[in-house]
Novice: 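Sending over a structure as structure tokens; questions will come in a sec.
Scope of the values below: all heavy atoms of this structure, side chains included, with no hydrogens, waters or symmetry mates. Below, read A as the first sequence line, B as the second, and so on, with proteins coming before strands; counting in each chain starts at 1.
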There are 4 protein chains.
Amino acid sequence: MSSQKSMALPDAAVAPKRQRGRDRVEAILATASDLFSEKGFDAVTMTEIAQRSSTAIGSLYRFFPTKEVLAGVLLQRYGSHVTDGLDAIVAGAGTASARDIAASLVGLVRDLQTERSVVLPLIDVQNDGIALRQALRDAMRERLEKILARGRTTPPADGSTRAIVLLHLLKMAWALALAAPSLRDALEREVEGLIASYLG
Amino acid sequence: MSSQKSMALPDAAVAPKRQRGRDRVEAILATASDLFSEKGFDAVTMTEIAQRSSTAIGSLYRFFPTKEVLAGVLLQRYGSHVTDGLDAIVAGAGTASARDIAASLVGLVRDLQTERSVVLPLIDVQNDGIALRQALRDAMRERLEKILARGRTTPPADGSTRAIVLLHLLKMAWALALAAPSLRDALEREVEGLIASYLG
Amino acid sequence: MSSQKSMALPDAAVAPKRQRGRDRVEAILATASDLFSEKGFDAVTMTEIAQRSSTAIGSLYRFFPTKEVLAGVLLQRYGSHVTDGLDAIVAGAGTASARDIAASLVGLVRDLQTERSVVLPLIDVQNDGIALRQALRDAMRERLEKILARGRTTPPADGSTRAIVLLHLLKMAWALALAAPSLRDALEREVEGLIASYLG
Amino acid sequence: MSSQKSMALPDAAVAPKRQRGRDRVEAILATASDLFSEKGFDAVTMTEIAQRSSTAIGSLYRFFPTKEVLAGVLLQRYGSHVTDGLDAIVAGAGTASARDIAASLVGLVRDLQTERSVVLPLIDVQNDGIALRQALRDAMRERLEKILARGRTTPPADGSTRAIVLLHLLKMAWALALAAPSLRDALEREVEGLIASYLG
DNA sequence: AATGAATGAGCGTTCATTCAT
DNA sequence: TATGAATGAACGCTCATTCAT
């Protein structure tokens, strides 16, 4: 593969060294984030990303040598948004009610969307390479388990199963927020209640 | 598209008139169902469907003039599985407990999977044309609303919102059952509880 | 790689099942053979092969899923031309003079060119995969060693080194024949003499 | 091509006027020479040359407006290495034996390789423009003819044909030296003998 | 009616070269 | 002058769909 050409060039994003390039990169990331969020990883084309961000295809590839890498960078960049957000919720989980925690979780999802943190939609794209996705998934699961185990002396045996379900609930919250702008708030409230009851 | 040629010829599947053709069609549908279920609509190739069902590509297109139509036929054919299943649940909903209904819903999803009824994974493939998807979505929503409104004299104002959430919960059940064979049962139980609490 | 799509589809040439396809394949192989011979493997594009053989690019790829495979098929198809030719020369080598053998070798190269057997130009294209090239190289080396050892009871210690040189002489004969049509015959005679002296 | 812009600006390398620039140019030439020698003209990218010589791509193009020109400069610069070397051999050819001359020729090839004089690999890159290649080829041919004609009052009629073959033998010597480090010396000795016999 | 060959737009990606700071 | 960003034609390849036998 890429090693044929040059072992020295890592299959990683190239950092721009000038302001112009940094702007480009931001524009690309924002566009890609939106598109991935709208249509999913596979359905988005590099050409589309280039066009929507007014970037020449060659420039896009200068900074992001593959579509995979582009997704990886988004994951890397926004990964901490999720984990930090979850950490904060974990921190307050001891004293908070199920309702409060649910509100925080849904609020987190809403914030992620405002910040274009596409983590949730990209997290289980199946692509070879890059252990990042798994790492992020694990990191989220770990926090969610803690949230589920809050206040208990012994964590429940089915903690990991429940964390998976909870993760899916967060993805559901994301999807619902995107789908129907008019119903958005009502749906959000519903999911919040749902999550609260799951945490209870 | 195909409308370019002739408005008169509908983009619909051609019904085979002989036994041989009927078998072919069955094989194709079964294969397509499996593949769509495994990898999603977009990731499946017509060639792949042809090969896995030992059908010549030309024959495949004879019966199903586009990939869209193929999905549509699956939706149409298996749509009634879902609606019928939901109808049955609606019928018993008056006297059943939330737990029972939840069990029935999850059981329905499980059954759909064994019958290769790909309805859930295909229901929101975004493709132009074909109002079928919307119709099916509406049909499901309607039943789910009834389930949510069971036993009440006036249906709750937020019934439609709640039905959307419930529909997503069913999709979630489908996804979880596919994802982790080892955890399958445990996850199923979790979702069941979740749904029960949402119905309660 | 290709395994992502389907393990069942081997990365090998697909055999056409109809006459039309068989003709296509012949046309493609002939064109590819000419082009590889003229400009070398790397410099030839699949588009070029398609155009020169009046084949749609999709059709080209139907029969030859990669450029590599196309070269491989040529090697496979024409490989025996070389080895058979060399075998014949080996068979007569016991009684023949160095001059005669040289004449035969150069004649073989000429024949290969008339038959468009691109073996010589393709034999050391460096591509991952496909042990065919190595096998062919070994097969040729083996025959050439026998030719060099003809009439001797014990093969010379440097037989393999000399075989390499002899192989390069054959490649040289090929190149010279292509390069200068006007000098072709004279050059051929020269190389023949050169090879004869190397065999002496 | 570049001629599209301005006929006035020759497609020639720009000579740097400061020490820093001269060093840059040296680094570029050395790197390019190595790469061309390793992988051949076509397989080497300008970006690669820039990176391996720690030069910005823009700077590379400042000194060498096209890849062609870069090869041309190498040819020009190292052309004299070959011709001078051949001249020296021509000078001594009158009294030297075929063996000695062969040894000198092979020695010259070896020296060229240590000096990174990529002349031989680049000499018949087929690119439009630049008569330099032809000139160099002619210059070499001329010297080789003299070597072949040494000691004779009338040059043989087939002198030019033989010179072509001899030139190919030198290229062969170059290729063999690169190919198999372990066999290098043995192969060199073989070619030397071969050339000697061709000169005899 | 059944089959497999033909088609071509489009995809992800590369690379020589030019532009702007 | 030096640098790195910008450009876009071209490449190898895929795939939904149509054609011809």
Novice: Minimum heavy-atom separation for C/G79 to C/V119, with atom names?
Specialist: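 C/G79 and C/V119 have their closest heavy atoms at N-CG2, 4.0 Å.
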Novice: For the pair A/R62 (side chain) and A/V14 (backbone), establish whether a donor and an acceptor sit closer than 3.5 Å, ignoring hydrogens and angles.
Specialist: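 No; zero donor-acceptor contacts below 3.5 Å.
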Novice: Please figure out whether C/M46 or B/T47 has its closest DNA chain F nucleotide nearer the 5' end.
Specialist: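 The residue whose closest nucleotide sits nearer the 5' end is C/M46.
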Novice: Could you tell me if the side chain of A/L29 sits less than 4.5 Å from the side chain of A/L70, heavy atoms only?
Specialist: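 Side chain of A/L70 against side chain of A/L29, heavy atoms only: contact under 4.5 Å found.
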Novice: Expressed as a whole number of angstroms, how long is the span from A/R18:CZ to F/dG4:C1'?
Specialist: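 Going from A/R18 (CZ) to F/dG4 (C1'), I get 4 Å.
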Novice: Side chain of C/K67, heavy atoms from C-beta onward: which of E/dT13, E/dA16, F/dC13 has the nearest atom to it?
Specialist: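 Nearest listed nucleotide: F/dC13.
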Novice: Taking the side chain from B/S53 and the backbone from B/T31, do they hold a donor-acceptor pair closer than 3.5 Å?
Specialist: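 No; zero donor-acceptor contacts below 3.5 Å.
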Novice: For E/dT3, take OP1 and OP2 only and decide whether either is under 4.0 Å from a side-chain N or O of B/S59.
Specialist: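 For E/dT3, OP1 or OP2 has a side-chain N or O of B/S59 closer than 4.0 Å.
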Novice: Please tell me which of D/V44 and A/R20 maps to the more 5' nucleotide of DNA chain E, matching each residue to the nucleotide holding its nearest heavy atom.
Specialist: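 Its nearest nucleotide being more 5', the pick is D/V44.
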Novice: Starting from C1' on F/dG4, measure out to CG on A/D23 and report it in whole angstrom.
Specialist: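 The answer, rounded to whole Å, is 14 Å.
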Novice: Report the distance from atom CD1 of C/I49 to atom P of F/dC13, rounded to the nearest whole Å.
Specialist: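 Whole-Å distance recorded here is 10 Å.
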Novice: By nearest atom, which of the nucleotides F/dC11, E/dA20, F/dT17 is closest to the C/T45 side chain?
Specialist: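 In terms of side-chain proximity for C/T45, the closest of F/dC11, E/dA20, F/dT17 is F/dC11.
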Novice: Counting only side-chain heavy atoms from C-beta out, which of E/dA2, F/dT3, F/dG8 sits nearest to A/A56?
Specialist: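 The nucleotide sitting nearest to the side chain is F/dG8.
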Novice: Give the rounded distance in Å between these two atoms: CD1 of B/I57 and P of E/dT3.
Specialist: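 Distance, rounded to whole Å: 12 Å.
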Novice: From CD of A/Q51 over to P of E/dC11, roughly how many Å is that when rounded to an integer?
Specialist: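 My rounded result for the distance is 9 Å.
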Novice: Please check if any side-chain donor atom of C/T55 sits under 3.5 Å from a side-chain acceptor atom of C/R24, or the reverse.
Specialist: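 Yes, C/R24 and C/T55 have a side-chain donor paired with an acceptor closer than 3.5 Å.
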Novice: Would you check if the side chain of A/R116 reaches a backbone N or O of A/A32 as a donor-acceptor pair within less than 3.5 Å?
Specialist: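 It does not hold such a pair.
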Novice: Provide, to the nearest angstrom, the distance between the NZ atom belonging to D/K39 and the P atom belonging to E/dT14.
Specialist: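 Answer to the nearest Å: 13 Å.
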Novice: Taking only heavy atoms on the protein side, list every residue of residues 24-37 of chain C lying under 4.0 Å from any atom of DNA chain F, sorted numerically.
Specialist: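 Contacting residues: none.
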Novice: Measure the shortest side-chain to side-chain distance between A/F64 and A/V25 over non-hydrogen atoms and say whether it is less than 4.5 angstrom.
Specialist: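 Counting from C-beta outward, A/F64 and A/V25 do come under 4.5 Å.
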Novice: For D/R22 and F/dT1, what is the distance between atoms CZ and C1' respectively, to the nearest whole Å?
Specialist: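 In whole Å, F/dT1 C1' lies 15 Å from D/R22 CZ.
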Novice: If you look at every strand shown and take non-hydrogen atoms under 4.0 Å, does A/R62 touch a base, only sugar-phosphate, or nothing?
Specialist: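 Base contact - A/R62 has a heavy atom under 4.0 Å of at least one base atom.
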Novice: Is any side-chain N or O of A/Y61 closer than 4.0 Å to OP1 or OP2 of E/dT13?
Specialist: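 So the side-chain polar atoms of A/Y61 do come within 4.0 Å of the phosphate oxygens OP1 or OP2 of E/dT13, strictly under.
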Novice: Please report the shortest heavy-atom distance between A/G21 and A/F63, naming the atom on each side.
Specialist: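 Scanning both residues, the minimum pair turns out to be CA-CZ, 3.9 Å.
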Novice: Hey, where does DNA chain F pair up into stems, meaning at least three consecutive Watson-Crick or G-U pairs with distances under 3.5 Å?
Specialist: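 As far as DNA chain F goes, consecutive pairing (with distances under 3.5 Å) yields the stems E:2-21 with F:2-21.
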Novice: Is any side-chain heavy atom of A/F36 closer than 4.5 Å to one of A/I49?
Specialist: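 SC-SC contact between A/I49 and A/F36 confirmed.
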Novice: Just wondering, do A/E48 and A/K39 contact through their side chains at under 4.5 Å, heavy atoms?
Specialist: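 Yes - at least one pair of side-chain heavy atoms lies under 4.5 Å apart.
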Novice: Quick one: B/D42 CG to E/dG10 P, roughly how many Å, whole number?
Specialist: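 One finds 16 Å between P of E/dG10 and CG of B/D42, rounded.
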